[in-house]
Engineer: 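Got a structure for you, questions after.
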Amino acid sequence: MKNIYVGLLAAVACTYSMQAAANSLNCNNINLVFKGDDFSLTAPFASHTAIPIGLKPISSLESAVKLAAVCSVGGGGCSGLSFGSSDNSMDLDKNFQCTDEGFVKTCPSGYVKDDNNLCPHNKSYFKCRPCNSSCDSGYSLTACNSTTQVQTASYKTECGSTCYQCRYKTCAEGGYSTTPNSCQNGTAVSFANQTCYKDVTAKTCENGGYKSSIPTNNKCDSTTYCSKTCYTNCKQPTCEESGFLSTCPTNHTCDTVTSGTYGRTCYKDKGQPTCEDGGYKSGVPTNQVCTPVSYSGRTCYQNCYQPQCAAGGYLDACPANQTGTSVTYYGRNCVKNCSDDPGAVCKAAGYTATSCDKFMTAENCPSDSNYKKCTHTCGSRIFADNPTYNIDGQGSYSNPVNVITKNGTYLGSSATTYSNINFPQYAECKALPKPVITLNAAEYSPGTAPTSISGNRIENIDFVINYTPYTKPKACDYLYILKDWNGGTFCFKKQNSSYSNYAVYDSSSYCKESGICVDDCYNSSSYNYNSYECGEYRQATEELEEYSGYSLCQWLNSNYNNSCQVSSSSATSAVKLDPSGRTTSTYTCDGKSSTKYSATMYLKNVNITVNGSPKIGVVIGGGAHYESTIIFEGTNKITGGSAHAVWVRGHNTCSYGKVKGILQVSSGATLTLGKPACIYTGWNGVLNKYGTISGTVTTNCSTYPLKW
């Protein structure tokens, strides 16, 4: 179907159909129907009702009507048509369609082809869009400034403008340096609108506020500044810093010293003249009175004599038939308060005794110390009935019984030790609390119990053990310096017998004090006393002796160096329960006769508290050829030790004697443990449990390299 323009119908748009039965033309609802040479026309009216229009027949169309010229819409060439002419081709003109729809082949200035808007009839036609005149990031429409910039790239925009990529010139392109580092100086110059530097040089010590050399007669601290050794805190040492005096003390005589005093004149004190140098006494003789006198800055004495009793208001002796209080006055036996009965006042006040029994408290009469008031104590009550007992450390430690009535820091070595609790029959004892013995256990060798509780029986006493772990001596540091420096040995080559300042092991494995020097300190061709190695050796040996009090030979020959070998696996322990009064027996082990020493200690109502967290609180047994048995009676408690409160072991080899360490809790007794007890059965540790143990007991537990 095609649209045609029909002049007869006032150029209304019509639709022309060619069908088998008829040809028809529809123009805006006006139907023109062709039937052979006839046609009919229908058109809508105001009522929108199609009314047929009847036309008379005509003989021919040519004689009756003139047909309008027809051309295809969009076909072009419609101008100049006249009636009777026609464009027989009904094909569309695609180029015309593109231009008719606004598509073009060229864009005006300021516009470019829009590739997203092409003509669908002919893609060589297109529409235009405004061109893009902006530059990509890093580019600019402004040309590079040749004074400060360098062009690195360029390209054209859609609008034909040039975009430039520029970078600023570097200091190096001007023959300069960038910012100098912290250890350089330089002169700032302007190049390409930036700050560059010329004449760059390394900083000196003075730039850092230091000195490049030590000023004359000064001592300085050295420091590192910009990889240079510089000096600071420079000063001229005082005489005192050089071991001398800046002035001679008043009333003293001195030697003048200038050598080694950093330019100062100093003094060495020769001392102050003594009183005796002036014919005086430097002190008041015993029991004498003297006249003081000043001599050479000292207070000296002269005209000394012993005063008479009368000078002090005393008598040489009381009159006949009288007695008085004896008094010593400047070494003389004098008397005072002479009367017929000098003790009357004291007696009236209740002071009647002339002496008090041992362990009593004695109160002297204020007017006459010969009269006293005596008061019983717990110790005096016990001693009165048991005069052989050792009371609170007063008496012979060979006595069989030691009695503790008060807190202390020493137990004593008697076979049996009681406390005041054992003597409730005395009111003075019953009123006292249970005594506490505090022992300091400073570990003096790794793995060794530093203190012990000895005896055969201890009752009603508590113990506090303050453990301090072993601290490696400061001297060990210097011992290791010496050893490490020479490859782990102290054996050195003898170089020159003329020098004997250093003590070391020789090839015979014993230490000498003479004729041996460390390698490279001396040799046959030159004297290298000031070599670095020799200096390091000398300093270490000197500091070893300063901090330890022992020379290197003493350390090595007396095994002091063993105390430097501290193993982190060594078990620490605080106190050993060590029975006394051992019995001796002989036995045969592996065909060899050995001697065994056995002892038993009883602990009753004893609490042991270990402070300081050693691995083991209390050790029982373990000594070679010594068999120890500890028996607990009554109510007892052991606390402390980070791993074990109690460690029990003996020895199970013939070389050390097959002996036992035995922990026994008697029937009816209790032992409370703050930490587990370790009964090392693999090494003859034995537990005899007849009473109650409150706490964990581990058998055959892991051993430690203990020493006891």
Side-chain angles (χ1 to χ4, degrees), residues 400-401 411 414-419 421-422 424 434 437 449 452-463 465 573-583 585 587 596-610 616-623 625-641 643-652 657-703 706 708:
V401 177
L411 181 64
S414 297
T416 300
T417 301
Y418 297 126
S419 81
I421 306 298
N422 291 71
K434 188 177 183 181
I437 298 296
S452 63
I453 298 175
S454 299
N456 297 121
R457 173 173 289 278
I458 299 174
E459 295 186 7
N460 298 303
I461 296 176
D462 290 344
F463 292 89
I465 314 298
S573 57
V575 60
K576 182 179 181 181
L577 299 181
D578 193 17
S580 59
R582 302 180 183 276
T583 60
S585 61
Y587 67 100
K596 178 170 69 175
Y597 304 90
S598 303
T600 301
M601 180 164 65
Y602 294 83
L603 298 180
K604 182 177 181 179
N605 300 329
V606 172
N607 297 327
I608 301 176
T609 301
V610 177
I616 299 170
V618 176
V619 173
I620 296 176
H625 302 285
Y626 284 85
E627 182 166 294
S628 298
T629 301
I630 307 299
I631 300 176
F632 286 93
E633 299 175 339
T635 302
N636 308 274
K637 185 176 183 181
I638 299 177
T639 59
H644 301 288
V646 182
W647 175 273
V648 185
R649 60 159 276 191
H651 277 283
N652 64 356
K658 289 190 174 182
V659 294
K660 300 176 181 178
I662 302 171
L663 167 61
Q664 178 172 317
V665 180
S666 298
S667 176
T670 61
L671 174 60
T672 301
L673 301 174
K675 288 285 185 177
C678 172
I679 311 299
Y680 189 46
T681 57
W683 280 78
N684 288 350
V686 177
L687 172 64
N688 294 330
K689 180 183 174 185
Y690 305 116
T692 302
I693 294 181
S694 178
T696 302
V697 176
T698 303
T699 60
N700 213 23
C701 40
S702 175
T703 187
L706 290 176
W708 56 65

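Values below: every heavy atom of this structure, side chains too, minus hydrogens, waters and symmetry copies.
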Engineer: Under 4.5 Å between any side-chain heavy atoms of Phe632 and Leu663, yes or no?
Structural biologist: yes
Engineer: With distance as the sole test, does Asn652 use its side chain to make a donor-acceptor pair with the main-chain N or O of Asn684 at under 3.5 Å?
Structural biologist: no
Engineer: Once rounded to the nearest 0.5 Å, what's the spacing between atom CG of Asn688 and atom OG of Ser666?
Structural biologist: 9.5 Å
Engineer: Can you tell me how far the CE atom of Met601 sits from the CG atom of Asn456, to the nearest 0.5 Å?
Structural biologist: 8.5 Å
Engineer: First locate atom CD1 of Ile608, then atom CD1 of Ile437, and finally report the distance between them rounded to the nearest 0.5 Å.
Structural biologist: 12.5 Å
Engineer: Could you tell me if the side chain of Ser598 sits less than 4.5 Å from the side chain of Thr583, heavy atoms only?
Structural biologist: yes
Engineer: Strictly distance-based, threshold 3.5 Å: is any side-chain N or O of Tyr626 a donor or acceptor partner for the main-chain N or O of Asp578?
Structural biologist: no
Engineer: In this structure, which one of Val618, Leu603, Ile638, Ile458 forms a side-chain contact (heavy atoms from CB on, under 4.5 Å) with Phe463?
Structural biologist: Ile458
Engineer: Testing the basics here: between Leu411 and Ser454, what is the closest heavy-atom pair and its distance to 0.1 Å?
Structural biologist: CD2-O, 3.9 Å
Engineer: Answer yes or no: is there a donor N or O on one side and an acceptor on the other, between the side chain of His651 and the main chain of Lys660, under 3.5 Å?
Structural biologist: no
Engineer: Which pair of heavy atoms, one from Ala643 and one from Pro676, lies closest together, and at what distance?
Structural biologist: O-CD, 3.7 Å
Engineer: What verdict does the side-chain hydrogen bond (donor to acceptor under 3.5 Å, both in side chains) test give for Asn605 and Asn460, after you've listed the backbone C-alpha separation in whole Å, the side-chain angles of each residue and the deciding distance to 0.1 Å?
Structural biologist: CA-CA 5 Å; Asn605 300 329; Asn460 298 303; 3.0 Å; yes
Engineer: Quick check for you: to the nearest 0.5 Å, what is the distance between Glu633 atom CD and Ser667 atom OG?
Structural biologist: 10.5 Å
Engineer: Is the shortest side-chain heavy-atom distance between Ser628 and Arg582 below 4.5 Å?
Structural biologist: yes
Engineer: Shortest non-hydrogen contact from Ala574 to Val610?
Structural biologist: CB-CG1, 3.5 Å
Engineer: As an exercise, state the distance from CD1 of Ile630 to NZ of Lys576, rounded to the nearest 0.5 Å.
Structural biologist: 9.5 Å
Engineer: Would you compute the distance between atom CG of Leu687 and atom SG of Cys678 and round it to the nearest 0.5 angstrom?
Structural biologist: 11.5 Å
Engineer: So if I apply the side-chain contact (heavy atoms from CB on, under 4.5 Å) rule between Ile679 and each of Thr698, Val686, Val697, which one comes out positive?
Structural biologist: Val697
Engineer: Would you name the heavy atoms of Gly661 and Val648 that are closest together and state the gap between them?
Structural biologist: O-CG1, 3.0 Å
Engineer: For Tyr587 versus Lys658, what's the shortest heavy-atom pair and its separation?
Structural biologist: OH-N, 3.1 Å
Engineer: Looking at Lys434 and Asp462, what are the two nearest heavy atoms and their distance?
Structural biologist: NZ-OD1, 2.9 Å
